[in-house]
Amino acid sequence: MPNYWLFKSEPQSYSIDDLQRDGTTPWSGVRNYQARNFMQAMSVGDEAFFYHSSCAVPGIVGVCLVVRTAYPDATAFDSRSEYYDPKSSPETPRWFNVDVKFLRAFSDVVPLTRLREIATLTNMPLLQRGQRLSVQPVRATEWRAILKLA
DNA sequence: GCCAACGTTGGC
DNA sequence: GCCAACGTTGGC
């Protein structure tokens with residue numbers, strides 16, 4: 001059985017359309033320990049929702065697939081990258097990323113406001129006040145309920 | 001180890 | 001643009 005997850009991204013930075021174009025991409029740039037730990041817990045075959053944040057209609061816009069387990073995030077080693085972290089080195093990497101592959105873009109975004117209306121989803125981390133995790137787990141019941149909305 | 005200051009996230 | 005919430009930093 002696969003596990004389910006959710007990845008947030010600002011579409012102006014990297015959108016579901018960008019992932020569709022690229023096919024597969026490293027989910028690099030995550031600089032939060034809890035989010036990193038979730039990526040390290042992922043297996044090949046896990047599926048994830050793609051969430052657009054900080055945009056006109058925040059919400060879930062599609063589905064992607066984990067195709068490579070966590071490995072050191074190369075952007076942390078690159079002093080020219082906006083994600084550079086001098087405390088991370090190839091010898092003792094601090095940040096990791098998985099690779100994700102595009103699976104599907106919903107014909108319509110499932111807006112955050114719609115998610116808040118669904119009783120099954122009330123315990124999702126995504127919907128909790130003040131939570132900001134950019135990578136988070138999704139329960140199988142929640143996964144199915146959201147697919148029905150899409 | 002405490003905690004104030006600061007920076008970031010992200011909905012609205 | 002506002003601002004609440006939260007994580008991180010660094011002085012002590």
Side-chain angles (χ1 to χ4, degrees), chain A residues 3-22 25-42 46-66 69-139 141-150:
Chain A
N3 287 309
Y4 301 110
W5 310 93
L6 180 144
F7 290 99
K8 288 187 195 171
S9 184
E10 300 185 14
Q12 62 201 48
S13 168
Y14 195 83
S15 70
I16 188 78
D17 294 332
D18 293 326
L19 182 59
Q20 183 162 21
R21 177 200 63 212
D22 295 343
T25 197
W27 203 261
S28 56
V30 171
R31 296 293 177 267
N32 170 282
Y33 291 104
Q34 204 176 348
R36 179 203 66 184
N37 294 344
F38 283 134
M39 277 202 286
Q40 291 182 309
M42 292 178 187
D46 286 0
E47 292 182 90
F49 288 127
F50 197 113
Y51 179 91
H52 280 176
S53 65
S54 295
C55 56
V57 184
I60 295 174
V61 294
V63 179
C64 55
L65 179 71
V66 175
T69 54
Y71 59 98
D73 181 340
T75 64
F77 311 142
D78 177 3
S79 61
R80 292 158 307 173
S81 167
E82 60 176 316
Y83 301 117
Y84 177 58
D85 181 354
K87 293 174 183 161
S88 187
S89 67
E91 294 73 30
T92 54
R94 172 173 300 201
W95 304 114
F96 290 76
N97 62 262
V98 297
D99 284 352
V100 298
K101 179 184 171 190
F102 174 85
L103 278 190
R104 121 175 223 223
F106 297 152
S107 50
D108 296 292
V109 57
V110 179
L112 179 60
T113 52
R114 181 81 182 105
L115 299 175
R116 291 195 186 284
E117 294 170 354
I118 311 299
T120 311
L121 305 180
T122 50
N123 289 325
M124 286 187 77
L126 180 70
L127 306 183
Q128 306 312 305
R129 175 186 179 83
Q131 79 72 34
R132 310 181 303 184
L133 261 186
S134 65
V135 178
Q136 49 182 269
V138 174
R139 297 176 187 85
T141 50
E142 297 161 348
W143 182 266
R144 288 191 294 269
I146 292 168
L147 283 183
K148 270 191 218 166
L149 297 174

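Scope of the values below: all heavy atoms of this structure, side chains included, with no hydrogens, waters or symmetry mates. Not measured: the values here are computed from a predicted model.
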- Could you walk me through whether D99(A) and N97(A) pass side chain to side chain contact (heavy atoms under 4.5 Å, CB included), step by step? CA-CA 7 Å; D99(A) 284 352; N97(A) 62 262; 3.9 Å; yes
- Chi angles and distances behind the side chain to side chain donor-acceptor pair (under 3.5 Å) call for D78(A), Y83(A): CA-CA 8 Å; D78(A) 177 3; Y83(A) 301 117; over 6 Å; no
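Contact annotation: the side chain of V135(A) approaches that of M42(A) to within less than 4.5 Å [non-hydrogen atoms, C-beta and beyond]. Taking 4.5 Å as the limit, some side-chain heavy atom of Q131(A) sits within range of a side-chain heavy atom of L126(A).
Between the side chain of S54(A) and the backbone N or O of E10(A) there is no donor-acceptor pair closer than 3.5 Å.
Here the range on DNA chain C touched by chain A, meaning any atom under 4.0 Å from one of its heavy atoms, is dA4(C) to dT9(C).
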